[in-house]
Amino acid sequence: MGLNDPSANSILEQIVRVDQKLGSMVTLDPPGLRQQWENRDQGLALGGMKIAIKDIIEVRGLPNGCGSALYGDPPEPASSDAVVVARIREAGGVIIGKTAAHELACGVQTPGTCNPWDINRSAGGSSGGSGAAVAAGLSDGALGSDTGGSIRIPAALCGIAGLKPTYGLVPKCGVEPLSWSLDHVGPMAKTVKDCARLLQVIAGPHPADPTTRRKVSCDYGAKLDSGVAGLRLAVPEGFFMEPIDQRVQEAFFNAVETMREIGAEIVTVDVSFLSRCLDVEFAIVSPEAANYHHSSIQKRPDLIDPSIRAMLVAGAALPAGYYLRALRWRSVIADRMKAIFDEKQIDVLLTPTVPAPAQLHDQEYFDFSGIEEPVISSFVRTTAPFNLTGQPALSVPCGMTADGLPIGLQIAGRPFADDQVLRVGSAYEQATEWVSRLPPVHVSVEAG
């Protein structure tokens with residue numbers, strides 16, 4: 001290793017010092033980190049890359065608490081690694097510990113975790129700890145999960161890249177479920193390139209996860225420098241854009257113009273059929289989550305946050321007909337989205353990741369020029385459509401507000417065209433300077 005390589009102890013000291021302001025990590029693994037760091041092989045795919053793992057994904061020897069009292073105080077250590085964690089280890093990744101998650105991975109704000117750009121604001125959720133850890137430089141990358149936007153929301157609010165892969169591309173064995181038919185596991189990193197590196201390692205079928213549907217034969221980093229010349233990018237009319245914070249709208253259209261300037265063809269599409277997405281999303285999430293947590297609802301309801309408990313109870317009481325109709329509507333939505341991609345011959349769809357910058361910790365509503373909307377509805381409204389369709393969707397930074405809050409651009413592609421989505425994200429990243437900006441709370445800043 002190089003003479004200037006940091007020691008494991010100095011890495012740990014940095015993490016502890018900086019995270020006192022953020023609360024992004026719930027468990028560190030000093031012995032494991034020291035051993036992995038000492039034995040790291042930079043010739044492997046992840047070559048000593050420091051990776052943080054969301055606290056719903058099993059890491060051998062570390063507690064898996066899922067942000068909930070249901071799992072014990074302290075939670076029991078996991079007896080084995082989740083498949084994605086085992087793959088990261090095999091590829092030379094160094095697991096630094098577990099990141100904070102919204103309880104049961106069910107929410108858009110991770111309690112106790114602060115945004116590195118403004119500690120008075122949320123880092124998002126439910127993978128808020130992963131987003132904050134990456135943005136602050138505590139880790140080089142992280143794993144999150146995404147049922148209605150939980151990778152892309154914190155990625156947008158924290159100013160990093162975050163990919164919800166195609167449904168069925170990444171195995172979920174050893175990952176605590178929320179909604180089995182909507183859950184995704186994916187990478188979060190400072191750059192699109194590092195997201196691609198992580199995806200290359202964790203993607204691929206596994207016999208223990210029947211939802212993984214395709215053998216990986218794709219080099220996710222191969223197209224990252226190919227640009228967007230000749231690609232056809234779509235911009236939505238109406239839905240995704242109403243209501244919206246004017247700062248986000250301006251940043252989004254500036255990003256679209258940048259795409260045009262670097263060679264992409266821009267077309268508009270009508271996606272008004274997505275207006276029922278929230279109804280469909282929650283009519284699927286609630287009963288599936290209630291089914292998984294049935295025993296806890298019956299025996300230990302007092303250990304569940306009241307708002308989450310209410311969702312689970314409602315899901316358990318939802319007539320089967322509503323759930324079945326939601327499944328049919330999901331198929332309709334996916335079919336109509338595919339038809340738009342085919343008819344317009346588009347490569348990706350561009351949207352704002354979320355319609356507003358990071359909210360204050362106690363903020364429950366956004367005011368969009370006189371239109372009030374709950375924070376959770378605002379965020380999930382623009383991210384959940386791609387959980388329903390199963391399409392890959394990437395968030396990359398595309399601007400900053402005057403008071404220094406990141407804004408995210410969402411790039412969605414055809415199922416299993418994750419490489420194309422990463423290509424477009426990388427082209428935009430290379431054409432702009434957003435990725436070079438560091439938040440006020442960052443390892444390098446704190447070290448100074």
Side-chain angles (χ1 to χ4, degrees), residues 22-27 52-58 64-71 75 82 84 98-115 121-135 142-158 160 162-165 170 172 174-188 278 281-282 284-286 288-290 292-293 304-312 315 353-354 358-359 361 363-364 374-384 386-387 393 395 408:
L22 299 179
S24 67
M25 305 295 302
V26 293
T27 307
I53 308 295
K54 183 177 181 177
D55 192 31
I56 69 165
I57 302 171
E58 292 182 352
N64 199 44
C66 303
S68 175
L70 284 173
Y71 292 78
V84 286
K98 307 289 291 291
T99 59
H102 196 115
E103 183 172 351
L104 305 183
C106 185
V108 300
Q109 177 166 312
T110 304
T113 300
C114 300
N115 194 311
R121 294 180 181 271
S122 169
S126 62
S127 309
S130 290
V134 170
L143 292 186
S145 69
D146 193 313
T147 304
S150 292
I151 287 173
R152 291 157 290 154
I153 293 167
L157 302 191
C158 293
I160 64 169
L163 175 71
K164 180 200 77 63
V170 177
K172 301 185 290 290
V175 181
E176 197 72 359
L178 174 62
S179 172
W180 71 269
S181 72
L182 295 171
D183 291 344
H184 301 64
V185 174
M188 305 171 73
L278 280 185
E281 170 82 8
F282 289 116
I284 295 173
V285 170
S286 296
E288 289 187 357
Y292 181 76
H293 292 288
I304 307 172
D305 177 87
S307 63
I308 297 175
R309 184 170 68 236
M311 186 206 76
L312 296 176
T353 306
V354 290
Q359 76 279 24
H361 288 299
Q363 186 173 344
E364 297 181 0
V375 169
I376 186 169
S377 300
S378 294
F379 286 165
V380 177
R381 165 167 58 85
T382 52
T383 52
F386 305 114
N387 293 85
S395 180

Set of residues satisfying salt bridge (charged side-chain N to carboxylate O under 4.0 Å, His left out) with respect to R121, sequence neighbours excluded: D118
Heavy-atom check, side chain of C66 versus side chain of N64, under 4.5 Å: yes
I56 side, atom CD1; K98 side, atom NZ - distance, nearest 0.5 Å: 9.0 Å
Test item: side-chain donor near acceptor, T99 and K54, under 3.5 Å: no
E364 CD: over 12 foreign heavy atoms closer than 6.0 Å: no
Euclidean distance, E176 CD relative to H293 NE2, rounded to 0.5 Å: 6.0 Å
Atom pair CD1 (I304) and SG (C106), whose distance is rounded to the nearest 0.5 Å: 10.5 Å
L182 vs V285 side-chain heavy atoms within contact, under 4.5 Å: yes
Results of ring-ring contact (aromatic ring centres under 6.0 Å, His included) for H184 - residues two or more places apart only: Y167
For the student: nearest non-hydrogen atoms of A156 and V354, plus distance: CB-CG2, 4.1 Å
K172 and W180, any side-chain heavy atoms less than 4.5 Å apart: no
Y71 and L104, any side-chain heavy atoms less than 4.5 Å apart: yes
Any side-chain heavy-atom pair of K164 and N387 under 4.5 Å: yes
T113 versus A100, closest heavy-atom pair with distance: OG1-CB, 3.4 Å
Spatial distance of atom CD (E103) from atom OG (S68) [nearest 0.5 Å]: 4.0 Å
Identified side-chain contact (heavy atoms from CB on, under 4.5 Å) counterpart of T383 within the set V108, T147, I153, D146: I153
Closest heavy-atom pair and its distance - A358, L157: N-CD2, 3.6 Å
S24 side chain near C114 side chain, heavy-atom distance below 4.5 Å: no
Sequence-distant partners of S307, side-chain contact (heavy atoms from CB on, under 4.5 Å), two or more places apart: D305
